[in-house]
Every structure is written in structure tokens, then in C-alpha cells.
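Here the structure comes first, spelled out in C-alpha cells, and everything after it is commentary.
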Amino acid sequence: MVRVRFAPSPTGSLHIGGARTALFNWLFARHHGGTFVLRLEDTDLERSARAWEDQIMESLRWLGLEWDEGPDRGGPVGPYRQSERLEIYRAEVEKLLGKGAAYHCYCTPEELEARREEARRAGRAPRYDGRCRDLDPRQVEEFKAAGRRPVVRVRVPEGGATVVRDLIRGEVLFEHEVLDDFIIMKSNGLPTYNFACVVDDHHMRITHVIRAEEHLSNTPRQILLYQFLGYSPPLFAHVPMILAPDRSKLRKRHGATSVEEFRELGYLPEALVNYLALLGWYPGDEEEILSREEMVRRFSLEAVAKTPAVYDVGKLTWMNGQYLRRLPLEEVVERALPFFQAAGLLRAPAAPEEVGYLKAVLAPVRERVRTLGEAVEAARYFFRDDFQYEEQGVKKYFRDPGVADLLARGREALAGLDTFGAEEVERAYRDLMAQLGIPGKALIHPTRLALSGRTVGPGLFELMALLGKDRCLARLDRAVAWLRSGRSVSGSG
RNA sequence: GGCCCCAUCGUCCAGUGGUUUAGGACAUCGGUCUUUCAAGCCGAAAACCCGGGUUCGAAUCCCGGUGGGGUCACCA
């Protein structure tokens, strides 16, 4: 039975690297019919916060990466928050202390830092020198009397080496001499990452540890811990990192990096998941738009690349556009509604007519945008009259002296219509164009500008039908007046 | 700096000794369609980091170099 886990520390929002790690774990679990566990690694008291926990879980849910066991829903091997598992760690530490595999160290952080600095200056590796390994009882009493609170360190074997068998990278060998006696329990009684991770993965019966490559160098330490504790280690798979476009580790300054931000920009979870899956994984053939089911069916760790991947918002955006077009329109409307409400274009509980109108507007608009954020901008004039004419458009289509009269003629042609559907409007306009002996563009472009303020958008007749007769006439009147007032020379309106 | 990982178009991925004039996708540039834009379709440009081996033959195997990344905390 496959059991995997995603174990974020609640010290920030879920970023796309973490999201992809979660995704790979989720895909692996679902592919094998296994269990996906969510565990919160909140042993850093200063930085962890409940608010971050909530946000991470919210992001995960939004992406559709549901977990089977976790802090919010419990499970057979809980609790799933490390801060609630302290007794377990303490018991395990006692085991190690009893066996002599670990020992108390009374060095203070300041002393340690000073020695590290000294080692660095001398060009030596800044490793712990093991001076507390065999403290005599008298010395210990002195430290205690001085009020020192010890940490617990693990006694790493002097010689030899540990081999990490990685599903993605093969065997990686680490000499023990490059590992120092690392801390497993801080002086405040909380476990460190390496220790809590091992204890939990064992007690939670995790079979495969799938995590980012930055943890590869921690793995020999963890394997040592498995041995000292008498546990058999899980299988490891270190997936390549996701890098920023400048090839450095992803950071805040690289723009949108958290799942939350992409969500706010109007990316769809399906697209983000699909894009992230392709960052480092080859689905087996050249089709790149894959449903969740298809990804689950095809996923395997063997097909995960070893190379760090630079993420490319451009391709994500393209993919999002693909999803915007392929999803059922109703679905897109549902996702888009909050964005239109946030922009003040629709009321908060939207009336059914408003949703119906949004749907009609989105039908052509979604073909032309790549995110929901873009959709709002591209559709604004369908909801508000207070737009200005694009400067470029004015220069191009409002410059001709006869344009005001032309628009006025167009207005008259429309005014007589009883039915204002795209077909009727087009017929009226085509008739007018034939009558005036002018090409379509001559009337169409200025009309679009008058009606929307823009030079691009849905087909004009579709746009007119959507706007409806009243608004079309009013906007044409406005444009005619604007042109006749001579403002065309001054630029924008 | 020590240790570890990695190395194919600008980017993401194929390619696992001959089937390769190195394939696909995004982006770019042309063309086509068209009332604009987008989408679609057609096409172009674009890469095997370098040097040694091994082999009849190397993008593919080995070694070295270089480059990039990770990691060296009482963070995870």
C-alpha cells in the first residue's frame, strides 16, 4: 500500500514549487490507489502561523489536491501537526540517548557561531567539533548550574559512508566525515526538521518520500536516524527544483510565485496543475493538455526529469487560455463571476439576469483572453459606459472628417430596427454600406471604436447585439457629438 | 570554499550506440482565414557546453574541465 505525504511548514503561502511537489505526491498516490497525507511541519515557533496553515490548505483544495489524512480531517496515525506530536519525539529522543546514539550538547548558539566563523576564516569546513560528545558529569553540572539548556545531537559514526538510493537519481554516496553531529532536539524541547521528519514518516507509515531536490543532502542524515531508531527507511525520490527565469531559486521578487497570486490573477486551477505537471514530467507522448484523470493514469516517477526547470509564465498563460476555451461556458462563467464582482462590474449576489448577461458576454470574450483578469479588462465596456476612446484608435478611425456623418448614418440605420440580433444588425449595416458604396471596414472600425472605445474585440455585430439597441444608439450619439465638438484633434476622449 | 546533483533550441520536454537532415510545445518571425483581435491552419528561424577517450559508429557510454543549481542554522 502506497502512502505518501506533503509536509509544508506553515511559514508562508504555498508557492509553485511546493505546489508541484504536492502535485507529484498526489499523482503518485492516486495512480497507485494509495493514500495522500498532509502533515504540517510547524516546529519553528517563531515563523509558523495558523493563518499560513489555512492559506496553504486553501490553495491545495483550490488546486484540487485533496488529502486523505491531515490536520483538519484526522486519520489513523495523527495528529498531523508536528507541534501536537511532541511526546512522540521526546520518547524517541530518549531511546537514542539511552543507546548512546545521541548526546546532550551545552554549547550556546553564540559559541557555535563564533567557532563557525573562526573555521570559515581558517578555510576549514564550519562543522561542529564534537566537544560535548563525552562530557564528564562534573562539567555537565557546571553547565546546568550556569543555566544552560542543552540541545540533543546525534553521534554520527566517525568513518564510513551512507548511500542514498534515490528513485530519480540512483545511488548517491555521502562520506560520514562531511556530516557533523547534527542537532535533533532544540534547547526549547522541539525537534528539528531532520528528526521530526524521520519519526513522523515512520509512524505515519510513509512508503515513498517525494520531495524537492534541496532535501537530497539531508537524506543521509535521515537514513542514519532510521538506522539508529531501528526503522526501515522509505523509498526516496528527489524531484528537480523549479527555478526563476534568471535561473536562481524562486523568490518573492520574481513576481507571482504563490498559488494564491496566480489565483488572484485569474488563472484556472486546471491550467496551473497541468502546467506544473509538465514542469519536470513527461507524460509519454506529445499531447500536453491533459485532464486530471489522464495525468493520474500516466504518472510515474521514472518519467520525472533530473534537470532543474525554469518556469515560464508565458507558457502557463497560453495553457490557461486553452482551458478558458475548452471548459464548458457555464464553468467559465462561474469562475469569472467573482472577478467581475470584485471589479465592481456586477453586484455581489448577482441577479440571474446579470449572470445570463455575463455568460453571453463571455462567450466571445473568453476566446480572446488568457486569464480571467484579462477577461475583466476586455469586457469592461459591456458593463460601463464611462470608457474613453483609445488614442491609437482615434488616430486611425476618427481622423476622417466624414466619420461623424458616417456614424450618424449608421445610427439611423439601427434606430429603425425592431429586432436587434446580430443578424438584423449586420443586414442593416451591410445595406447601408452598399447604399453608400463603401467597404465594410470604413464603417465597422469607427463603429467599434464608438461603441467600445477599443480597436479590438469580438465581431462587431455580435458586440452590438450584446450591447443592445439603446446602448448602441446612445454610444453612437456620444461619439458623433464628441467628434463634432472637435475633440478629435486633441486626441483621446 | 567543502560536499552533492545536473548539463539537447531563449524556455519546458522527447531522444537511452546506427531508424536523426536531432522531434514536440511555449515564445519569436512569416503566410493563410477575417470587419479588428484572438483562436485555428501552414511555414521559418532556433539546441546536442568544451576537451579527451571507448567503438566500425556517439546527443546517447567513460574520464576531465567548464557552467548552472542545491546544501553546509537550536529554518524547514
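By convention in this document, chain letters (A, B, ...) are assigned in the order of the sequence lines, proteins followed by strands, and residues within each chain are numbered from 1.
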Evaluation steps, side chain to side chain donor-acceptor pair (under 3.5 Å), between R475(A) and T447(A)
CA-CA 9 Å; R475(A) 288 182 187 190; T447(A) 304; over 6 Å; no
Report each atom pair, protein N/O against N/O of nucleotides 6-9 of chain B, whose distance is under 3.5 angstrom.
none

Short N/O separations, protein against nucleotides 60-67 of chain B, under 3.5 angstrom:
none

Using the 3.5 Å cut-off, write out each protein N or O paired with an N or O of nucleotides 47-50 of chain B and the distance between them.
none

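A search for side-chain hydrogen bond (donor to acceptor under 3.5 Å, both in side chains) contacts involving R85(A) returns D200(A), not counting sequence neighbours. By the side-chain hydrogen bond (donor to acceptor under 3.5 Å, both in side chains) test, R124(A) is found to be paired with no residue, residues two or more places apart in sequence or in another chain being considered. For Y106(A), the ring pair (Phe, Tyr, Trp, His ring centres under 6.0 Å) partners are F143(A), not counting sequence neighbours. Qualifying side-chain hydrogen bond (donor to acceptor under 3.5 Å, both in side chains) partners for R430(A), counting only residues two or more places apart in sequence or in other chains: E426(A).
At a cut-off of 3.5 Å, with distance as the only test, no side-chain donor of H15(A) or E260(A) sits close to an acceptor on the other residue. Judged purely by distance below 3.5 Å, without hydrogens or angles, the side chains of H208(A) and N25(A) never pair a donor atom with an acceptor atom.
Note on E117(A) versus R120(A): salt bridge recorded, some NZ/NE/NH1/NH2 to OD/OE distance being below 4.0 Å. No salt bridge links E377(A) with R454(A); every basic N to acidic carboxylate O contact stays at or beyond 4.0 Å. Remark: E270(A) does not engage R326(A) in a salt bridge, criterion side-chain N to carboxylate O under 4.0 Å.
Checking C74(B), A76(B), C12(B) against every side-chain atom of V151(A), the shortest atom distance belongs to C74(B). For R47(A), the listed nucleotide lying nearest its side chain is A76(B); candidates were G1(B), C5(B), A76(B). The side chain of V310(A) sits closest to C12(B) out of C12(B), G1(B), A76(B).
The number of heavy-atom neighbours closer than 6.0 Å to CZ of R116(A), taken from other residues, nucleotides and ligands shown, is above 12. Dense packing is recorded around CD of E287(A), with more than 12 heavy atoms of other residues, nucleotides or ligands lying under 6.0 Å away.
Nearest-nucleotide mapping onto RNA chain B: of L173(A) and E46(A), the residue sitting toward the 5' end is L173(A).
Listed by first then second residue, pairs satisfying salt bridge (charged side-chain N to carboxylate O under 4.0 Å, His left out) with a partner in residues 172-196 of chain A read R133(A)-D181(A), not counting sequence neighbours.
C56(B) and C50(B) have their P atoms separated by 24 Å, given to the nearest Å. G68(B) and U8(B) are spaced 14 Å apart, taking the P atom of each and rounding to whole Å.
Nucleotide A44(B) is matched to U28(B) when pairs are restricted to Watson-Crick or G-U wobble geometry with both distances under 3.5 angstrom.
The backbone N or O of R366(A) lies less than 3.5 Å from no partner atom in the side chain of R370(A), so there is not a single donor-acceptor pair. The closest donor-acceptor contact from the side chain of D42(A) to the backbone of P10(A) lies at 3.5 Å or more, if one exists at all. At distances below 3.5 Å, at least one donor-acceptor pair connects side-chain atoms of H176(A) with backbone N or O atoms of G159(A).
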In the 5'-to-3' direction, what one-character label does each nucleotide of nucleotides 19-26 of chain B receive under the scheme B = base within less than 4.0 Å of a protein heavy atom, S = sugar-phosphate only, - = no such atom?
----BBBB
When every nucleotide of nucleotides 31-38 of chain B is labelled 5' to 3' by its protein contacts under 4.0 Å (heavy atoms), B for base, S for sugar-phosphate only, - for none, what sequence of letters results?
----BBBB
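Ring pair F28(A)/F299(A) is perpendicular by interplanar angle, where above 60° counts as perpendicular and below 30° as parallel.
Judged by a 6.0 Å distance limit and a 45° cone about the ring axis, R153(A) is not positioned over the six-membered ring of Y103(A).
Taking every heavy atom of residues 181-196 of chain A and every atom of RNA chain B, pairs under 4.0 Å involve I183(A), K186(A), S187(A), T192(A), Y193(A), by number. Near RNA chain B, defined here as any heavy-atom distance below 4.0 Å, the residues from residues 236-246 of chain A are M241(A), listed numerically.
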